[in-house]
Each structure stands twice: as C-alpha cells, then as structure tokens.
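Throughout, protein chains are lettered first and strands after them, A, B, ... in sequence-line order, and every chain is numbered starting at 1. In this text the structure is predicted, and so the values were computed from the model without any measurement.
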Number of protein chains: 2
Amino acid sequence: MSLPHAILTALLERPSSGLELTRRFDRSIGYFWSATHQQIYRELGRLEAEGLIRALPSEQPARGQKKAYEVLPAGRAELARWTSASQDPKPHRDAMLLRLRAAAVVGTDGLEADLRRHRELHALQLAEYREIERRDFPPGKDGPEDRLRHLVLRAGIDLETFWTQWLDHALSEFARLPDTTRE
Amino acid sequence: MSLPHAILTALLERPSSGLELTRRFDRSIGYFWSATHQQIYRELGRLEAEGLIRALPSEQPARGQKKAYEVLPAGRAELARWTSASQDPKPHRDAMLLRLRAAAVVGTDGLEADLRRHRELHALQLAEYREIERRDFPPGKDGPEDRLRHLVLRAGIDLETFWTQWLDHALSEFARLPDTTRE
DNA sequence: CCGGGTTATGCAACTAGTTGCATAAGAGAC
DNA sequence: GTCTCTTATGCAACTAGTTGCATAACCCGG
C-alpha cells in the first residue's frame, strides 16, 4: 500500500499534474516504485478526496487541461507517519529464478536467449543510472537530502551491477551444461 | 502469472498435497516465489480443472484427508513452454527505498531503527541460505540439475549479502547526518 | 469419551495492480 | 474549416495477491 506515499513524495519534491507525475514515475521514482498513468490519476482522486492533496487553483479543471496538485499539511503528516512506521519487508518474486529452477526439471531449451536479453536490459538500465549519478550527484553536491537520494540511487546501481554479473555467471554455467540437459 | 508454473515445478520435483506444497513454499520455492496456502489450494483446483495435474488415486478425497497431486504430460508441456518463452522483467517495487526518498523530504525520524531491523532480517536470511548451500550442495554434487539449482541459490545468497552491506552503508550515512534532518 | 491442539482443506471478501479503451482540447497540415 | 496527431485525463473490467474465517478429521491428555 505504498503508491499514495510514492505520489506524496513526488508531489512534495515538486507540485505536478497527473501527466507530469507519470513522466517522473517513468524516470526516477518509478525505478523502485512503478505506476501507470491510470493508477496515478485514480490515486490522485483518492488523495484529494481524503484531503491530503489539493489541486492548485491556477488553471480551470476542464478535461484536457493540466491540473496540478500540491500536498497539504495532512498529506505531509501522513507521509512522515508512514515513513517512520516499522514495516516488514515484502517477499520478492523473481520469474527468471523460477524459470531457471523449472529448467532444471523440464530442460533449458530456449532459456539462454532470454538470459542474454535480460543481461543486456540490466546493462542498459545500469548505464542509465550511472548517467543520472554523473548528472545529479557531481562531487560536492552532498547536503543531507543529496546524501539520502544518492544512497537510493546507489542501491539501483549496485543491484543492476549485481544482476549483470549474475547473468554473466549463469550464461557461463549454461555454456558448460551437456547438450542433453537442453532437451 | 507465474504461480501455476511455480506449483508445476514443485510438483514435478515431488508430487505433494496442498499442505506439503505450502511447507515447501515456505522454504525453498517461496524464497523467490512466495504463496499462501489459500493461493495454493485455489491454484491446485484450477490446474486440475485444466487437466494439467491430477490427484493421486491412493487416498480418498474427504475433507481433512491428504490429497496429493502429480503433473500430467500436458502440465509438463505447459511448464516447458512457459520456461522457454521470452518474458520481460517486471519492474520491482521496494518500499524501503521509497521510504528513504520520502525521508529526504519529511525527515529521517524513526527510520533508523527499522533500517537496523531490516539489516538483521537480511543477515538471518543470508545465514539460512548458507546453511542450505552447505547441506544441499556439498563439493562434488554438481550434475547439470544441481548446477542450475545452485545458481538460483547463489542469487539468493548474493542478494542478501548485497542488502546487508547496503543497509550497513545506509546506517553509516545516517550516523553522519546532521540532527536537523532527523526532525 | 470429551476438550483442546494440530493437521489439512477450502471459500469469500477485499486490496492492489494491469489492460483496454474513451474523451476532450490544442496544434499544425493542407 | 476540418483532419489528424499529440497531450492530458479518466473509467471499467480484469487479474493477481492478501486477509479473515470456516470446516473437518485426527491425536493425545485426563
């Protein structure tokens, strides 16, 4: 139940319209909490109904018109509450690991190509993160907020590094498997 | 849409009843594809209705009686199809990273304790994985199936190692933050 | 023989996320 | 001026996962 809190965070960083939020979820925030524009609009409606955010009064709210939102004090309080409350880590699900385990039973046929493709996708994401790091965290930009945000980005960078390396390892193991295992 | 395939994999490794599957999902399979017993029973019903698995005829199917299932040829074929089909990686969601980003805006108050708790949970999981590795993959146990399963376990071990280290890093950054950031 | 815990199975309702499609305004092409 | 493309907003239906609870048999102590 974190989408509303992801939106509150984004809106506190900068008041935005639904579409602007969608764009930002495609870039930074979405890297660890993805959401589609449909989800975002629905949630904006709920948050407004609950009195946690409000539409900026500047523009008229006609359809096809930008409608920007800002966070109200109640919204900030709710985000602070949620952030500090103890939460259990959610179990993660990874389809690729499951497929590999299945492959041990039904054969590895066809898997190697997708392993290779995933490796490239992770490498691409890693390059993007590094570019963001270069742009947003030059040496010297290390105020408290910068440090926290940089920490989050580092997790992304290190995770993508991990996955590229692990997939390389997996591919090298594949190369050593006897052909019979591949069905 | 991978729960049915997780169940097919588990049943191919060993025919089981719903409860046995639940136990196995709490241990090995569930480490990368978790499921509750309610999900499992529901899915077993669907898989049986689709003709991918069948109840072993040994026991009578009364309530409170063990009912074990085995995979039919159609089920094995479906699992092989799914394993080899190309799939896009799902975007991951990580509430802790989101909370850290929120903390950069609303303050880090209360977060540090949970960071520490998560660090311990990851360390515990890591110890469990290492124990499984010691028990299930002694030197010499390296047939093709073993190699694949070991690869999956290695991902788990390396991920938990990564998270413990990253959380240590995060905690050391917290120690250096000025008190004002902590609200 | 009965009362409480454990094993085993399962339904129903709810919450969260995804997919498909609809609507409307403005911008520029011709 | 109207056609089409892009921007912007949003509803509805569906799929997957979670939570809460119900049922029933067996097992063991007293």
(message) Consider side chain to side chain contact (heavy atoms under 4.5 Å, CB included). Of B:Ile7, B:Leu11, B:Leu72, B:Leu47, which one does B:Leu52 pass it with?
(response)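 Checked B:Ile7, B:Leu11, B:Leu72, B:Leu47 against B:Leu52; only one passes side chain to side chain contact (heavy atoms under 4.5 Å, CB included): B:Leu47.
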(request) Using side chain to side chain contact (heavy atoms under 4.5 Å, CB included) as the criterion, point out the one residue from B:Asp158, B:Ile157, B:Leu159 that pairs with B:Leu126. (result)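 Passing option: B:Ile157.
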Which nucleotide wins on minimum distance to the side chain of [X], given the candidates [options]?
{"X": "B:Gln38", "options": "D:dC21, C:dC21, C:dG17", "result": "D:dC21"}
{"X": "B:Thr36", "options": "D:dT19, D:dG10, C:dT18", "result": "D:dT19"}
{"X": "A:His37", "options": "C:dC21, C:dA8, C:dT18", "result": "C:dC21"}

(request) Can you sort out the partners of B:Asp142 under salt bridge (Lys or Arg N to Asp or Glu O under 4.0 Å), two or more places apart, ordered by chain and number? (result)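 For B:Asp142 there are no salt bridge (Lys or Arg N to Asp or Glu O under 4.0 Å) partners, ignoring immediate neighbours.
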For [X] and [N], what is the distance between atoms [atom1] and [atom2] respectively, to the nearest whole Å?
{"X": "A:Glu48", "N": "D:dG10", "atom1": "CD", "atom2": "C1'", "answer": "14 Å"}
{"X": "B:Leu21", "N": "C:dT7", "atom1": "CG", "atom2": "P", "answer": "17 Å"}
{"X": "B:His92", "N": "C:dG17", "atom1": "NE2", "atom2": "P", "answer": "15 Å"}
{"X": "A:Phe25", "N": "C:dG17", "atom1": "CZ", "atom2": "P", "answer": "11 Å"}
{"X": "B:Ile40", "N": "C:dC11", "atom1": "CD1", "atom2": "C1'", "answer": "16 Å"}
{"X": "A:Leu44", "N": "D:dA8", "atom1": "CG", "atom2": "C1'", "answer": "13 Å"}
{"X": "B:Arg46", "N": "C:dG10", "atom1": "CZ", "atom2": "C1'", "answer": "13 Å"}
{"X": "A:Tyr41", "N": "D:dC11", "atom1": "OH", "atom2": "C1'", "answer": "13 Å"}

(request) Quick one: sort the A:Trp82 and A:His5 rings into parallel, tilted or perpendicular, breaks at 30° and 60°. (result)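 It falls in the parallel class, under 30°.
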(request) Taking only the side-chain nitrogens and oxygens of B:Lys67, find out if one of them lies under 4.0 Å from OP1 or OP2 of C:dG10. (result)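 Yes.
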(message) It should be established whether A:Gln39 places a side-chain nitrogen or oxygen under 4.0 Å from OP1 or OP2 of nucleotide C:dT18.
(response)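 Yes, within the criterion.
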(message) Can you give me the closest heavy-atom contact between A:Tyr41 and A:Gly18, atom names plus distance?
(response)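 Here A:Tyr41 and A:Gly18 meet closest at CE2-CA, 3.6 Å.
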(message) I'd like to know if the side chain of A:Ser84 pairs up with that of B:Asp109 as donor and acceptor (distance under 3.5 Å, no hydrogens or angles considered).
(response)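 Side-chain D/A pair, A:Ser84 to B:Asp109: absent.
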(message) I need the residues from residues 7-20 of chain B with at least one non-hydrogen atom less than 4.0 Å from DNA chain C; give them sorted by number, or say none.
(response)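 Close to the strand are B:Ser17, B:Gly18, B:Leu19.
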(message) Regarding C:dG17, can its base be found pairing with the side chain of A:Arg42 as donor and acceptor, where the two atoms are less than 3.5 Å apart?
(response)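 Flag set: donor-acceptor pair detected.
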(request) I would like to know whether A:Leu19 and A:His37 meet side chain to side chain contact (heavy atoms under 4.5 Å, CB included); could you show each step before the answer? (result) CA-CA 7 Å; A:Leu19 191 68; A:His37 77 271; 5.8 Å; no
